[in-house]
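Working notes, beginning with the structure itself.
FYI, side chains are in, hydrogens and waters are out, and symmetry mates aren't considered; it's all heavy atoms of this structure.
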Amino acid sequence: MTLPKGLADNVALHLIAAGQLIDSEPERALEHARYARQRAPRIPSVREANGLAAYLTGEWNEALSELRAARRMAGGPGHLAIMADCERAMGRPERAVELSRSEEATQLDQEDSVELRIVAAGARRDLGEIEASVVSLQIAELDPKLQEPWSARLFYAYADNLAAAGREREAFTWFVHAANADDEDETDAPDRLEELAEKLGGPDVVEELVTEAEAAEIGDDFDDDAAEVDDDFDELDEKLEEEAGSEAAADDETADNEAADDKAVDDEAADDKIADDEAADDKAADDKATEKAADADNAGGGARAQ
C-alpha cells in the first residue's frame, strides 16, 4: 500500500520516534506507534512497531493482535517468541506450547528459535511439567563454551528450571554460566547465586562449584553429554507427539459419536414422520368410510319416505 507523501512522512516520523524511545520510554514509544497505526493501519511495519511497543508496556492483548496482523500482511513467522510470551502472560501457556510446535517455528533463525524455546519451557513449567521444561532446553546451544547473544538468557532459563525441579547444585552451576555470559546485565544471575550459596553449604561448596563451572566453559565435559541430552529431548518430543495424537483420536471419536447421535435423531424423526403420514392416511380413510355410510343412510331414508 502506498501512502500520500505528506501522510507517509508524518507516519515515518512517528515510527522513528517510537524506535528511539522504545528501550528507554516504552510508554511514549507506544503513543507514537498508536498514532502511526491510526493513520496507516495497512502498513506491516506500523503494526509491528505498535505490537512491539505494546509488548514492552505489558499490553499483552494489543501486542498479540498487532503482531498477528503484521505477520498476516508481511508473511513469515514474525515475532513468534513474543507472541508465545503474550499467550503465557495472559494465562494461556498451552497456546504458547502450541506455537512452539507450529510450522512457523521451523522457519525461525537460530536466535529467535532459542528465544521461543525459552518461552515454551516457561509455559511447560506453568503447566506443571517441570522436568519437561528442563529437558526442552537441553539443546545444542546450551553449551557453556558458547558466548552468543542469547547465551545468557538460555543459561539463566535452564538454571531457573533446574532450581524449580529441586536440582540446586546444577542450578548453581548454570547460574554461574549465565553470569559469566551476561555482559549486558540482562539477568539477575549474581543475585540468584547469592541465594543458592546459603542453601548449598557455604563458601567451600560454592568455591568448588564455581571452579567446576568455569572449567566446563573451557573444557569438553559438556560435549561428552551431548548425545544423552539429544536422546532425552527426542524422548520428550515423542511423548508430546503421542499425547497430541491421543487427544486428536479422542476428538475424532467424540466427533464420530456426535455424528452417530445426529443420524439417530434424524432417523427417529424420519420414522415419526412416516408414522404421522400413515396415521393421517388412516384418518382420511376412516373419514371417507364414515362419509359413505352417512350417504347410504340418507339414501335409504329418502326411499322409505317415498
Side-chain angles (χ1 to χ4, degrees), residues 1 3-100 104 108-109 111-123 125-126 149-154 156-157 160 178-179 181-192:
M1 178 180 179
L3 299 176
K5 186 177 187 308
L7 178 58
D9 290 344
N10 189 24
V11 168
L13 287 174
H14 283 278
L15 287 182
I16 292 171
Q20 292 174 338
L21 293 167
I22 197 165
D23 291 327
S24 58
E25 299 180 72
E27 292 82 5
R28 287 186 61 198
L30 181 57
E31 291 176 7
H32 285 286
R34 284 173 173 169
Y35 181 93
R37 186 227 187 274
Q38 288 173 357
R39 283 150 183 79
R42 295 185 180 276
I43 304 298
S45 59
V46 171
R47 305 298 290 271
E48 179 184 34
N50 193 170
L52 293 176
Y55 173 73
L56 290 176
T57 56
E59 298 290 342
W60 314 120
N61 193 51
E62 180 181 358
L64 187 59
S65 176
E66 293 300 299
L67 292 176
R68 280 175 175 164
R71 189 173 66 168
R72 283 195 303 270
M73 294 175 185
H79 297 275
L80 210 58
I82 291 177
M83 293 170 65
D85 204 30
C86 289
E87 294 284 14
R88 185 186 174 201
M90 290 190 291
R92 301 192 296 243
E94 68 286 349
R95 294 192 185 180
V97 174
E98 287 173 9
L99 282 174
S100 73
E104 291 89 345
L108 295 172
D109 61 28
E111 182 170 5
D112 288 338
S113 179
V114 170
E115 293 293 346
L116 182 57
R117 288 269 190 179
I118 293 171
V119 174
R125 193 166 131 193
D126 294 342
W150 60 80
S151 293
R153 295 188 298 278
L154 177 60
Y156 183 93
D160 193 36
D182 193 2
D183 296 330
E184 304 296 328
D185 293 328
E186 295 179 291
T187 72
D188 64 345
D191 294 334
R192 299 295 298 273

Could you list the donor-acceptor pairs under 3.5 angstrom formed between side-chain atoms of residues 79-93 and any protein atom two or more places apart in sequence or on another chain?
| unit_1 | atom_1 | unit_2 | atom_2 | d |
| --- | --- | --- | --- | --- |
| H79 | NE2 | E48 | OE2 | 2.6 |
| D85 | OD2 | Y55 | OH | 2.5 |
| E87 | OE1 | R92 | NE | 2.7 |
| E87 | OE1 | R92 | NH2 | 2.8 |
| E87 | OE2 | R68 | NH2 | 3.0 |
| R88 | NE | D126 | OD2 | 2.6 |
| R88 | NH2 | G122 | O | 3.4 |
| R88 | NH2 | D126 | OD1 | 3.3 |

Starting at [atom1] of [X], measure out to [atom2] of [Y] and round the result to the nearest 0.5 Å.
| X | Y | atom1 | atom2 | answer |
| --- | --- | --- | --- | --- |
| L3 | D9 | CG | CG | 10.0 Å |
| E111 | S151 | CD | OG | 10.0 Å |
| I118 | Y156 | CD1 | OH | 12.0 Å |
| I22 | H32 | CD1 | NE2 | 12.0 Å |
| R28 | Q20 | CZ | CD | 10.5 Å |
| L21 | I16 | CG | CD1 | 12.0 Å |

Inset, instruction - Take E66 and E59 through the test side chain to side chain contact (heavy atoms under 4.5 Å, CB included) and record every step on the way to the result. - result: CA-CA 11 Å; E66 293 300 299; E59 298 290 342; over 6 Å; no
Please name the pair of heavy atoms, one in [X] and one in [Y], separated by the smallest distance, quoted to 0.1 Å.
| X | Y | answer |
| --- | --- | --- |
| A120 | V97 | O-CG2, 4.3 Å |
| A74 | P44 | CB-CB, 4.0 Å |
| P26 | L56 | CB-CB, 4.1 Å |
| P77 | R71 | O-CD, 3.3 Å |

Are [X] and [Y] close enough that some pair of their side-chain heavy atoms sits under 4.5 Å apart?
| X | Y | result |
| --- | --- | --- |
| L15 | S45 | yes |
| L30 | E62 | yes |
| R192 | D160 | yes |

Inset, instruction - Report yes or no: does N50 contribute a side-chain atom to a donor-acceptor pair with the main-chain N or O of R37 at less than 3.5 Å? - result: no
Legend entry - Whether R47 side chain and R42 backbone form a donor-acceptor pair below 3.5 Å: no
